[in-house]
Amino acid sequence: LSGGFDRVVSVMGNSEFHLGIHHLLTRYGGACIAHDSHMLGFYSALFGMQRAQEIAGRELGRSVSDADITEWLQDGSRLPATLLSEIAAVAEPLIMHSSRAAASTSASLHMPVTALPFATYRTWSDDALQPSARAAARRRLGLPDEVIVIASFGFVTSTKAPADCIFALELLRGWGLSAELHFVGAINIDVTSLRTLARQFDVEPYIVFKDGFMPEATYRDYLLAADLGLQLRSFGRGAVSGALQDCITAGLASVANDDLADAIDAPGYVRRVPDAISPVLVAEALAELVSDGAHKDRHHTARRGYAASHSFDRYAELLCHAIGLEPGRTGAA
């Protein structure tokens, strides 16, 4: 919340913490940063199924059932509504963290939406990304030098296509690449089926699930030690990925699907694959990065450029412009 303006500036997300913010925004109006491209989880979990049905129904112009909500929660790619309309009706302006999400929401709700590039979570110096630092991180994590470590960061959920990642690993190893796949983040799904799939593909020894809370030092070690990043999302609507941005700011050559890469303004060392995720195309993209030697390069020039254009200083400047303030001055412009 802002204490110095005649507006309410809020950040909406799928968290119980924001219930009070939601109340203030819908009561008083003001500027709103909608981090997520939809609010289905927020409404269904915090306000109940009936409220979610009402908002989705108004957006779709038809009745919405419990079964509809349940289906959409299980498979977000089937969600036909944003559930952002209640917030959008009082937001002045409504701001989103990617141009793709802003354009999609604007078309869906028939209103202007401002795009504000997502600011980076973590920063790195060139010295921190030198080969000696990488080698030290691999020793701390117990990663052998001769193995190509592919890391997928963030919560492990079905929407991040973990089965496709495992299939891609099987292909890479079948092509003769000594690779491992590490899921670096808390597991939000039952991994039994994933382990079964890994056994069927004979790659179970080469898959690591780093479940549970990840200390910051360990998370940064993985960003430093990995050879390649792999961030996929089976649906997105332009939603941003902090995990992919972490790979980018660490200069880690990665593979991501188009929607995810576009949402985060990914530079050239992120190899893109179609949103209709194909394990073959994912494996080919990873193999090409290795063949090109991209996994040995921290892409410092491009990395520094990205960090500058997505810094919090730049974010603050653009946010001030978006809400009608002149940076460095008090009062409205």
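Atoms considered below: every heavy atom in the structure, side chains included; atoms not considered: hydrogens, waters and symmetry mates.
Panel note: side chain E288, backbone R271; no donor-acceptor pair is recorded below 3.5 Å. Between the side chain of D292 and the backbone N or O of A294, no donor-acceptor pair lies under 3.5 Å. In this structure, S132 contributes its side chain and Q130 its backbone to no donor-acceptor pair below 3.5 Å. A donor-acceptor pair is defined here as one N or O able to donate and one able to accept, closer than 3.5 Å; such a pair exists between the side chain of N257 and the backbone of R233. Within the 3.5 Å criterion, the main-chain N or O of V149 finds a donor-acceptor partner in the side chain of D227. No donor-acceptor pair closer than 3.5 Å links the side chain of T157 to the backbone N or O of N188. Between the side chain of E59 and the main chain of S85, a donor-acceptor pair closer than 3.5 Å is present. The backbone N or O of Q245 lies less than 3.5 Å from a partner atom in the side chain of T249, making a donor-acceptor pair. In this structure, the side chain of Y269 does not engage the main chain of S254 through any donor-acceptor pair within 3.5 Å. For the pair D297 (side chain) and H299 (backbone), a donor-acceptor distance under 3.5 Å is present.
For residues 239-267, no residue pair satisfies the ring-ring contact (aromatic ring centres under 6.0 Å, His included) rule, not counting sequence neighbours. Residue pairs meeting the salt bridge (Lys or Arg N to Asp or Glu O under 4.0 Å) criterion with at least one member in residues 167-177: none, sequence neighbours excluded. The list of ring-ring contact (aromatic ring centres under 6.0 Å, His included) pairs with a residue in residues 136-156, not counting sequence neighbours, reads F153-Y219. Legend: salt bridge (Lys or Arg N to Asp or Glu O under 4.0 Å) pairs involving residues 115-130, not counting sequence neighbours, sorted by first then second residue: R122-E216, R122-D246, D126-R303, D126-R304.
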Take V290 and L286 through the side chain to side chain contact (heavy atoms under 4.5 Å, CB included) test and state the conclusion after the steps. CA-CA 7 Å; V290 174; L286 291 165; 5.9 Å; no
Go through T192 and R195 one step at a time and tell me if the side chain to side chain donor-acceptor pair (under 3.5 Å) criterion holds. CA-CA 5 Å; T192 302; R195 295 188 186 280; over 6 Å; no
Could you walk me through whether R298 and W124 pass side chain to side chain contact (heavy atoms under 4.5 Å, CB included), step by step? CA-CA 11 Å; R298 285 293 164 153; W124 299 79; over 6 Å; no
Does the side chain to side chain contact (heavy atoms under 4.5 Å, CB included) test come out yes or no for L260 and L232, once each step is laid out? CA-CA 7 Å; L260 213 56; L232 303 176; 5.8 Å; no
Before you tell me yes or no, could you show the steps for M49 and T70 under side chain to side chain contact (heavy atoms under 4.5 Å, CB included), namely the whole-Å CA-CA distance, both residues' side-chain angles and the distance that decides it to 0.1 Å? CA-CA 9 Å; M49 296 282 275; T70 300; 3.8 Å; yes
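In this structure the side chain of V280 reaches within 4.5 angstrom of the side chain of L171, judged on heavy atoms. Between V255 and L228, every side-chain heavy-atom pair lies at or beyond the 4.5 Å cut-off.
Closest heavy-atom contact between V270 and A256: CG1-CB, 4.0 Å. Shortest non-hydrogen contact noted between A239 and S37 is CB-OG, 3.7 Å. The nearest pair of heavy atoms linking S158 to I189 is N-CG2, 3.6 Å. Contact between A52 and L83 at its shortest, heavy atoms only, is O-CD2, 3.8 Å. Heavy-atom minimum distance, A34 versus L84: CB-CD2, 4.1 Å. Closest of all the heavy-atom pairs between L25 and A31 is CD1-O, 4.2 Å.
Linking Ile, Leu, Val, Met, Phe, Trp and Tyr residues whenever their side-chain heavy atoms come within less than 4.5 Å places W175 and Y206 in a single cluster. Side-chain heavy atoms closer than 4.5 Å link hydrophobic residues (I, L, V, M, F, W, Y) into clusters, and following such links, possibly through other members, connects M96 to Y43. Criterion: ILVMFWY side-chain heavy atoms under 4.5 Å apart, direct or through other members. Under it, F201 and V282 are part of a common hydrophobic cluster. L289 and I150 fall within the same hydrophobic cluster, defined by Ile, Leu, Val, Met, Phe, Trp and Tyr side-chain heavy atoms under 4.5 Å apart, directly or through other members. Hydrophobic clustering of Ile, Leu, Val, Met, Phe, Trp and Tyr side chains at less than 4.5 Å, counting indirect connections, keeps L252 apart from V240.
Put simply, CG on L143 and CZ on R138 are 5.5 Å apart, with the number rounded to the nearest 0.5 Å. To the nearest 0.5 Å, atom NE2 of residue H182 and atom SG of residue C165 are 13.5 Å apart. Taken from NE2 in H22 to CG in L46, the straight-line distance is 9.5 Å, to the nearest 0.5 Å. Of the inter-residue distances, the one linking I69 atom CD1 with S44 atom OG reads 7.0 Å to the nearest 0.5 angstrom. Here the OG atom belonging to S152 is positioned 10.0 Å from the CZ atom belonging to F209, to the nearest 0.5 angstrom. Between D259 atom CG and S98 atom OG the span is 7.5 Å, to the nearest 0.5 Å.
Salt bridge status for D258 with R100: absent, with no side-chain N to carboxylate O gap under 4.0 Å.
With sequence neighbours excluded, no residue forms a side chain to side chain donor-acceptor pair (under 3.5 Å) with S63. By the side-chain contact (heavy atoms from CB on, under 4.5 Å) test, R62 is found to be paired with L60, V64, D68, W72, P80, residues two or more places apart in sequence or in another chain being considered. D221 is linked by a salt bridge (Lys or Arg N to Asp or Glu O under 4.0 Å) to R140, counting only residues two or more places apart in sequence or in another chain. Under the side chain to side chain donor-acceptor pair (under 3.5 Å) criterion, D75 pairs with S77, R78, not counting sequence neighbours. E284 pairs by the side chain to side chain donor-acceptor pair (under 3.5 Å) definition with nothing, not counting sequence neighbours. With sequence neighbours left out, the side chain to side chain donor-acceptor pair (under 3.5 Å) criterion links S178 to no other residue.
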Can you list, pair by pair, the side-chain donor-acceptor contacts under 3.5 Å of residues 307-325, counting residues two or more places apart and other chains?
residue : atom : partner : partner atom : Å
S309    : OG   : G305    : O            : 3.3
S309    : OG   : Y306    : O            : 3.1
H310    : ND1  : Y306    : O            : 3.2
H310    : NE2  : D265    : OD2          : 2.9
S311    : OG   : A308    : O            : 3.2
S311    : OG   : R314    : N            : 3.1
Y315    : OH   : H97     : NE2          : 2.7

What donor-acceptor contacts under 3.5 angstrom involve side-chain atoms of residues 105-116, with partners at least two apart or in another chain?
residue : atom : partner : partner atom : Å
T105    : OG1  : A101    : O            : 2.9
S106    : OG   : M111    : O            : 2.6

